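Take a look at the structure below.
All values reported here derive from a predicted model rather than from experimental measurement.
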Amino acid sequence: MTADLTKNIDRDAVRIMGQVNSLPRCRPWLRGTECILSRNDGVSNYSTIVSISESPRVPGVLWVGTDDGNVQISQDGGVTWSEVGRNVRRTRPVSDDGDAVEAFLDLQQVGTNQYYISRVEASHFDPATAFISVDGHRSNDLRPYVFVTRDYGQSWQDISTGLPDYGNVNTIRQDPRNENLLYVGTEFGFYVSRDGGGTWQPFMTGLPTTRIDDVLVHPRDNDLVLATHGRSIYVMDDVTALQDMTSEVAGSSVHLFRPREAVLWKQDRRLSRAVTGNKVWQGENAPPGTAIHYLLRSGVGGGVSLTIENVETGEVFRNIEGTGDAGLNRVQWNLRGNPPERPEGGQGFGGGGFGGGGNQGPMAEPGVYRVILTAGGQTQRTTVRVLDDSWMDQR
């Protein structure tokens, strides 16, 4: 039987606002005696495992984080464990020359500091590597704490530099396709690092300033999913460009990323359900087609054009005018071709007579298409595959 992986702290010995939990709960007949309003602060369990992660590279390499500051590792499928949280330290200089330092994060200070291992994340690329985030707000410490080990927990490196000084970290995740791409959810926002934690940038486009509790990169669709505290779930469709943003790519003047495969989703009315009333909730679906991403080091004033060709025939299927903003640009191709020309003197059926909705071009057929980007005097090419919704045919 596995030994207790926590510190097994006696809750009655823990002080809350200067009072120990062993005091009786305050009652009217205890007036004038020492008592406590909320025994154990309403927590029914303490010294518990709150995060567990297994190495995707080597089965049986297990990491465990507890709410009382332990970090445990097993390399034999849980038969034996080693507590490596004692090796986690964070120091700060106490003199201007930076020579003298003091430890101000010590996970072993039982009974005085209540540091919480909010997340332990086994690396997707190396069994000896893992990341942890530490939450110290229960000890009135709202600083961010993120660490990485590359030797099975024998030593830890602080990778918190660059995060805001105020805002404890609730989760740390490593991207499953890019080992240098890290995601951090804090009490006040979301941050990414493209260099393994060396630097951090806020990634708040379209997000409210709120607590981020968890992060997931969808293993099939490559969507970035964020769970917030009370502000719903947010999805950023297709973060392939972010995953492919190497230092070499970031330094180029123009770069066209290869788009994600697109699916010609079919609509089956047999699966539709009609429910009346006001309790029906439906989330927003992802836009149809696929996103085309390209990077521009500086803004392009002369226009940006995207041409989509059928690889087999070489015919131009769609022309799209792109955005010329500096940075990462995204243009959504809805898998339709160029719209037919309108009859002279009229708008056609889609313009305003029957049905509305604009003049739409033909839908793409399954196959491979060439994407051509022309921007800033440069031309770059890549391909995108359009897939049939074969899953629906198997029903």
Side-chain angles (χ1 to χ4, degrees), residues 175 177-178 180-181 192 194 201 203 205-206 221-224 236-265 286-344 347-348 350-351 357-388:
D175 187 272
R177 301 190 184 186
N178 184 340
N180 292 317
L181 183 57
V192 298
R194 295 191 294 109
Q201 294 84 35
F203 201 55
T205 303
D221 297 336
N222 232 29
D223 294 340
L224 180 64
M236 173 170 279
D237 301 313
D238 189 10
V239 292
T240 305
L242 184 63
Q243 295 169 327
D244 294 343
M245 187 75 72
T246 63
S247 56
E248 180 180 357
V249 169
S252 58
S253 57
V254 178
H255 182 82
L256 174 64
F257 297 89
R258 185 171 183 175
R260 179 176 65 179
E261 292 179 336
V263 180
L264 289 163
W265 298 112
T290 187
I292 301 173
H293 297 90
Y294 54 92
L295 180 70
L296 303 176
R297 184 191 299 175
S298 56
V300 176
V304 174
S305 66
L306 289 164
T307 304
I308 300 173
E309 297 179 346
N310 189 306
V311 169
E312 292 186 0
T313 64
E315 296 179 353
V316 174
F317 186 70
R318 182 68 184 272
N319 298 104
I320 303 176
E321 182 179 350
T323 54
D325 301 329
L328 187 61
N329 292 259
R330 178 197 291 242
V331 175
Q332 190 75 18
W333 176 39
N334 63 359
L335 302 186
R336 289 193 175 273
N338 288 322
E341 295 183 3
R342 298 180 184 274
E344 185 176 353
Q347 293 183 326
N359 207 22
Q360 292 188 337
M363 186 64 71
E365 296 290 334
V368 180
Y369 292 79
R370 182 177 293 109
V371 180
I372 305 173
L373 169 71
T374 303
Q378 297 190 40
T379 300
Q380 294 192 10
R381 293 173 171 83
T382 187
T383 58
V384 59
R385 184 178 297 274
V386 177
L387 305 177
D388 194 15

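- L242 CG to L328 CG: the interatomic distance, rounded to the nearest 0.5 Å, is 8.0 Å.
- Among all heavy-atom pairs drawn from G299 and A326, the shortest one is N-CB, 3.6 Å.
- Here the shortest heavy-atom pairing between A250 and L295 reads CA-CD2, 3.9 Å.
- For L296 against V300, the heavy-atom pair with the smallest separation is CD1-CG2, 3.8 Å.
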Practice item. Output, in order, the C-alpha distance, side-chain angles, deciding distance and verdict of side-chain contact (heavy atoms from CB on, under 4.5 Å) for W333 and V386. Key: CA-CA 11 Å; W333 176 39; V386 177; 4.2 Å; yes
Exercise for review: Please assess D237 against R330 for the test side-chain contact (heavy atoms from CB on, under 4.5 Å), listing each intermediate value before the final yes or no.
Suggested key: CA-CA 11 Å; D237 301 313; R330 178 197 291 242; 4.2 Å; yes
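- Remark: the backbone N or O of R177 is not paired with any side-chain donor or acceptor of Q243 at under 3.5 angstrom.
- Residues L264 and D388 share a closest heavy-atom pair of O-OD1, 4.5 Å.
- Contacts of T323 classified as side-chain hydrogen bond (donor to acceptor under 3.5 Å, both in side chains), with partners at least two apart in sequence or in another chain: Y294, N329.
- Applying the side-chain hydrogen bond (donor to acceptor under 3.5 Å, both in side chains) criterion to R260, with sequence neighbours excluded, gives D223.
- Applying the salt bridge (charged side-chain N to carboxylate O under 4.0 Å, His left out) rule to pairs touching residues 359-386 yields E309-R370, sequence neighbours excluded.
- Summarising the geometry, atom CG belonging to D221 is positioned 11.0 Å from atom CD belonging to E261; distances are rounded to the nearest 0.5 Å.
- Closest approach of P362 and N338 over heavy atoms only: CD-O, 3.7 Å.
- Note on ring orientation: taking the six-membered ring where Trp is involved, the planes of F257 and H293 are perpendicular (angle over 60°, cut-offs 30° and 60°).
- Put simply, CD1 on I292 and OG1 on T382 are 9.5 Å apart, with the number rounded to the nearest 0.5 Å.
- A 6.0 Å sphere centred on CD of E312 holds no more than 12 heavy atoms belonging to other residues, nucleotides or ligands.
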**Study point:** Stepwise side-chain contact (heavy atoms from CB on, under 4.5 Å) check, F203 with M236
**Key:** CA-CA 11 Å; F203 201 55; M236 173 170 279; 3.7 Å; yes
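- Rounding to the nearest 0.5 Å places CZ of R258 at 3.5 Å from OG1 of T383.
- In this structure, the separation between CG on L373 and CD1 on I320 is 11.5 Å, given to the nearest 0.5 Å.
- In this structure, CG on L181 lies 10.0 Å from CE on M245, to the nearest 0.5 angstrom.
- Side-chain contact between V316 and T307 is present, with at least one heavy-atom pair separated by less than 4.5 Å.
- Of all the heavy atoms in F317 and R336, the pair that sits closest is CE2-C, 3.5 Å.
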